[in-house]
Every structure is written in structure tokens, then in C-alpha cells.
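For reference, the structure discussed in these notes is given below.
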Amino acid sequence: MRIAVFGTGYLGATHAACMAELGHDVLGVDVDQSKLAKLQSGEVPFYEPGLEDVLRRNIAAGRLRFTDSYEEAAAFASVHFIGVGTPQKKGEFAADLKYVDAVVETLAPLITEDSVIFGKSTVPVGTAERLAARASELAKEGVVVELAWNPEFLREGFAVEDTLHPDRLVVGVDRNADGRAEGVAREVYAALLDEEIPFLVTDLATAELVKASANAFLATKISFINAISEVCEAAGADVTQLADAIGYDARIGRRFLNAGIGFGGGCLPKDIRAFMARAGELGADEALTLLREVDSINMRRRTKMVEIAREACGSLLGARVAILGAAFKPDSDDVRDSPALNVAGQIQLQGADVNVYDPKAMENSRALFPTLGYSTSAREACEGADAVLVLTEWKDFRGLQPKDLDTIVRKRVMIDGRNCLEPEQWRAAGWTYRGLGRP
Ligand code: UGA
């Protein structure tokens with residue numbers, strides 16, 4: 001099939017490359033020339049394991065190209081995917097839909113044959129219905145432009161795997177339209193359906209809400225264990241053992257029960273806020289007051305981390321603090337709303353000399369927080385440190401041994417913001433070890 005994908009960020013670039021991998025002819029469309037140039041030369045503009053191989057293979061096979069021309073995309077494809085960003089609006093909880101709106105406004109009038117536009121971006125419920133009406137309104141006389149919603153559940157760091165082997169596919173269609181969207185989606189994803197990946201067809205609103213609730217549930221699960229972590233701190237209990245123990249109950253499950261400095265990134269924080277904002281507009285906000293608590297538990301963990309660092313150093317004023325990890329999670333260079341950088345910034349503002357090291361996120365961190373100190377290795381960041389803070393659980397950091405740092409630091413203080421180290425190992429080597437929610 002001939003497919004156009006609008007937006008070439010994490011979502012769009014991955015979707016475009018993976019649709020080509022499935023054998024389709026794909027055109028990636030963006031307004032950002034520098035991104036397009038990189039992608040066209042086979043370079044992924046962000047860190048995503050495995051994506052570069054898929055990109056290069058499919059460009060070489062002639063199945064994948066990139067352009068900034070909507071005219072070209074409209075002429076090339078009759079299946080379109082929208083994968084542009086829906087960031088949080090400045091000063092508000094609501095999502096900013098200007099990029100999604102712009103794709104429909106620009107694309108729909110250019111389409112010359114019956115087409116389906118699938119939205120993939122995370123949007124507030126009601127958006128798809130509005131855009132479906134708008135697309136029909138803008139379509140040329142006699143041309144049917146149908147709009148459906150096909151939410152994306154990929155995780156950064158596993159984007160390729162999650163796109164080619166998702167847990168499920170969800171397609172929201174306009175039930176009254178008697179349209180082709182379901183059939184077209186079945187054709188696009190035929191290879192995945194052969195693998196018996198569950199395929200759910202819903203109405204537009206349900207598809208939008210599936211996505212919002214999936215992220216809300218994940219955020220709630222993390223904040224749940226972090227709330228329990230606060231109780232563990234008060235009671236002298238160990239949240240990591242507790243999570244293992246409750247996680248054996250299949251109804252609960254161990255995944256996403258890692259207590260620590262909480263969730264960040266370009267999705268969970270803004271998505272729960274947009275969900276609350278939309279529920280408020282619909283008059284259903286009482287049901288979601290829970291998410292306000294989820295958000296505050298999450299933000300409290302960052303403050304707690306700063307307090308622990310202050311306690312450990314006596315005072316942060318003049319203290320030298322090593323920060324290991326800046327990305328919002330391992331295997332990513334994404335620092336959007338990163339708990340690690342937030343903590344680093346707070347500690348620096350309280351007068352400490354902060355040195356940050358991250359295996360992949362240095363460039364993005366520097367761009368966002370240019371005033372923090374940056375080092376070229378974990379060892380360099382730890383030189384003369386009064387406290388070492390592990391804030392992103394990269395494999396390199398999980399594998400650190402006390403002997404790697406014993407003679408470099410000024411004080412043997414390890415604060416584990418992701419509960420990813422063995423406390424006994426560090427204590428046995430004469431270090432003060434502190435985790436979150438651990439005695
Ligand atoms: C999240 C969802 O997991 C994806 O399913 C969804 O498609 C995506 O958002 C999206 O909406 O685009 P992602 O933002 O890549 O994916 O990151 P997650 O793996 O969900 O991690 C989010 C944050 O939670 C990270 O900061 C991570 O460190 C934190 N986390 C995760 C914890 O603090 N504890 C855990 O047990 C798990």
C-alpha cells in the first residue's frame with residue numbers, strides 16, 4: 001500500500017520506517033527540513049535502539065522517502081497517518097492540538113482520491129469526531145476523506161518492537177459513516193493480524209479514551225507504589241521487596257511497580273493532565289480527581305530526592321553532587337520532563353556544584369539546562385563528590401561497583417533514586433546507601 005506519515009518525531013519516524021518494513025511504500029512528511037535531511041540520509045535524529053537499521057534498510061530498498069510537500073503526499077498515498085505532537089499548552093493542563101489540526105487543514109483539501117486519514121497522536125476525546133467532520137468539509141467535491149483513530153502504545157526505547165509486535169491494535173471508526181477505515185486498517189496491518197495480535201474496532205471516542213486511560217493507568221500504578229514507598233519510609237519497610245511480593249499476584253503484576261523518583265517524559269505527565277482537563281470540560285472531572293493525586297505524588301518524589309541529598313550532604317551549599325542519569329528513562333536520550341534533570345536543577349539552585357553524566361542524553365540536557373555542570377563519564381562526574389545520585393537506571397550505572405568509585409569520591413554516599421543498586425554491596429564497602437522507600 002502507499003502510505004504517508006505526517007510528523008517524523010519518535011512516533012512518526014518509527015511508524016513510517018516500520019510500515020515500510022511491513023512492505024508498504026511510505027512517504028514521511030514533516031515541516032522540519034533538518035529532520036527530513038537526517039532521516040533521508042538514514043540518520044535517526046534521536047536515540048532509539050534498532051530504528052536506524054530499519055530506516056536504512058527500507059530507504060535502500062526504495063520503500064521509504066521523506067518530503068516536506070503535502071501536495072506530494074496527497075498525490076502519492078490514499079492512506080495517511082497523523083503522528084505529530086500534542087504537547088501541553090503553556091500555562092494550562094490541556095493538550096495543544098495546533099499541529100494535529102494543521103495536518104488535517106492542509107492535507108484534506110489536497111486529496112484527489114477517496115482516502116482514509118488515521119490519527120495516531122494522543123488527543124483529548126472528541127477530537128477525532130471534530131476532525132472527521134472538518135476533513136469531509138474540506139474534501140474536494142466527490143472525494144471521500146474518512147478519518148479514523150488508531151492510537152499508538154509504543155514505548156520509547158522499544159519503539160520498533162512495539163510497532164511491529166504490539167500488544168493490541170485499536171481502530172476507532174465513525175460508526176455512522178459506513179466507511180472503509182476498518183478494511184483499510186486490516187490491510188495495512190495484515191502481517192500483524194496474521195500473528196493474531198488482538199484487533200479491536202471501536203467508535204472514535206472509545207479509541208481516544210483507550211489511549212488516555214492506558215497512560216493514566218500506568219501513571220497511577222507508578223504513583224501507587226510511590227505512595228506506598230512514602231509509607232515504607234515512615235515505617236522503616238522496604239518497598240522493593242514489597243513490590244516483588246505483591247507483584248506475584250497476577251492481578252497486580254510486578255511491571256511498572258518500580259518505586260523511585262517517579263515518571264516523566266513526553267507522554268505520561270502531559271497525558272494525565274490533558275485527560276483531567278478534558279474530563280473537566282465534559283463535566284466528568286470528579287471521576288478523575290484521582291489523577292491530580294497521581295500527579296502530586298509523582299512530583300513529591302522529586303522533592304523527596306532533593307531532601308535526601310540535602311540530609312546526606314549536611315547542606316547543599318558548596319556541596320559537590322554527582323548526578324548519574326539525565327534521560328527520563330534508560331535507553332532514551334529524551335529529557336522532556338525528566339525527573340533526573342528536575343532533581344539536578346533543584347539541587348544546583350540550592351547552591352550545590354552539580355556534575356551530570358548520561359550515556360545518551362548529554363546534548364539534549366545541555367540544551368534544556370545549559371547551566372548545569374556536565375562530565376564526559378560517570379567517573380569524571382563522581383570526582384570529589386560528596387554524594388552520588390543515580391537518577392536514571394542505565395545498565396552502566398546498575399553495574400557500578402563500589403571499587404569503581406571508592407577512591408574518586410570525597411565522601412562515600414550513594415543515593416539511589418531508582419532503587420536499582422544492591423544496598424548490601426555498597427554498605428559492605430563502607431558506603432552510606434540510601435534508596436527511596438527502603439530502610
Ligand atoms: C509511555 C507508555 O508506557 C506507552 O505505552 C505510551 O505509548 C507512551 O507513553 C506514549 O504515550 O507515547 P514512555 O513515555 O516511552 O511510554 O515511557 P514509560 O516506559 O511508560 O516510562 C515513563 C516513566 O515512568 C519513566 O520516567 C520511567 O522511569 C517511569 N517509571 C516506569 C517508573 O518510575 N517506575 C516504573 O515502574 C516504570
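Read the numbers this way: they start at 1 and go in the same order the structure lists the ligands and their atoms. Starting from 1, each residue takes its place in the sequence as its number. Both backbone and side-chain heavy atoms feed into the values below; hydrogens, waters and symmetry mates do not.
Interface of Glu156 with ligand 1, defined as ligand atoms under 4.0 Å from a residue heavy atom, comprises 15 (O). Listed by number with element, the atoms of ligand 1 under 4.0 Å from a non-hydrogen atom of Leu257 are 36 (O). Below 4.0 Å from some heavy atom of Asn215 lie the following atoms of ligand 1, by number and element: 2 (C), 6 (C), 9 (O), 10 (C), 11 (O). Counting atoms of ligand 1 from 1 in the listed order, those under 4.0 Å from a heavy atom of Glu152 are 7 (O).
The part of Asp271 lying near ligand 1 is the side chain, judged by heavy-atom distances below 4.0 Å. Proximity of Asp162 to ligand 1, defined as any heavy-atom pair under 4.0 Å, is not found for any part of the residue. Contacts between Lys221 and ligand 1 below 4.0 angstrom, taking non-hydrogen atoms only, are absent altogether. In Leu218, the part holding a heavy atom less than 4.0 Å from any atom of ligand 1 is the side chain.
Taking a 4.0 Å cut-off on heavy atoms, Arg418 registers as neighbouring ligand 1. Judged by the shortest distance from any of its heavy atoms, Gly262 lies inside the 4.0 Å radius around the atoms of ligand 1. Not a single heavy atom of Glu393 sits closer than 4.0 Å to an atom of ligand 1. Ligand 1 is never approached by Gly265 to a heavy-atom distance shorter than 4.0 Å.
Ranking protein heavy atoms by distance to atom 12 (O) of ligand 1, first place goes to Cys267 SG, 2.9 Å. Scanning the protein for heavy atoms near atom 17 (O) of ligand 1, the closest one is Lys329 NZ, 3.2 Å. Looking at atom 5 (O) of ligand 1, its nearest protein heavy atom turns out to be Phe153 O, 2.9 Å. With respect to atom 20 (O) of ligand 1, the closest heavy atom belonging to the protein is Phe256 CZ, 3.3 Å. Leu268 CD2, 4.0 Å is the protein heavy atom nearest to atom 1 (C) of ligand 1. For atom 16 (O) of ligand 1, the closest heavy atom belonging to the protein is Arg155 CA, 4.0 Å.
One finds no salt bridge joining Asp337 and Lys270 here, because no Lys/Arg side-chain nitrogen approaches an Asp/Glu carboxylate oxygen to under 4.0 Å. Salt bridge Glu307/Arg434: absent, no basic N to carboxylate O contact under 4.0 Å. Note on Asp353 versus Arg320: salt bridge recorded, some NZ/NE/NH1/NH2 to OD/OE distance being below 4.0 Å.
Of the residues Val100, Leu97, Val29, the one that meets the side chain to side chain contact (heavy atoms under 4.5 Å, CB included) test with Val84 is Val100.
Between the CG atom of Asp238 and the CD atom of Gln241 there is a distance of 4.5 Å, given to the nearest 0.5 Å.
The shortest N or O to N or O distance between Phe328 and ligand 1 is below 3.5 Å. At a 3.5 angstrom cut-off on N or O pairs, Ile222 does not count as close to ligand 1. The shortest N or O to N or O distance between Lys211 and ligand 1 is below 3.5 Å. Below 3.5 Å of separation, one finds an N or O of Leu154 facing an N or O of ligand 1.
Between Phe397 and Thr392, the closest heavy-atom pair is CD1-O, 3.2 Å. In this structure, Arg438 and Tyr433 approach most closely via the heavy-atom pair NH1-OH, 2.7 Å.
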| message | Checking Met414 against Leu405 for the side chain to side chain contact (heavy atoms under 4.5 Å, CB included) test, could you report, in this order, the C-alpha distance in whole Å, the side-chain angles of both residues, the deciding distance, and whether it holds? | response | CA-CA 10 Å; Met414 173 60 76; Leu405 304 178; 4.2 Å; yes

| query | Under the ring pair (Phe, Tyr, Trp, His ring centres under 6.0 Å) criterion, do Phe256 and Phe217 qualify, and how do the steps go? | reply | CA-CA 10 Å; Phe256 267 64; Phe217 185 86; 9.5 Å; no

| task | Report the C-alpha distance between Glu182 and Val171 in whole Å, list the side-chain angles of each, state the deciding distance to 0.1 Å, and finish with yes or no for side chain to side chain contact (heavy atoms under 4.5 Å, CB included). | result | CA-CA 7 Å; Glu182 179 183 342; Val171 181; 5.8 Å; no

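Summarising the contacts of atom 29 (C) of ligand 1 with Tyr10, Phe217, Phe263, the nearest heavy atom is found in Phe263. The residue from Asn258, Asp337, Asn419 that puts a heavy atom closest to atom 36 (O) of ligand 1 is Asn258.
The shortest side-chain heavy-atom distance between Arg168 and Phe153 falls under the 4.5 Å cut-off. Between Ser365 and Leu372, the closest side-chain pair of non-hydrogen atoms is not below 4.5 Å.
Note that Arg65 lies in the cation-pi zone of Phe76, set by a 6.0 Å cut-off to the ring centre and a 45° limit from the axis.
Within the 3.5 Å criterion, the main-chain N or O of Ile225 finds no donor-acceptor partner in the side chain of Ser229.
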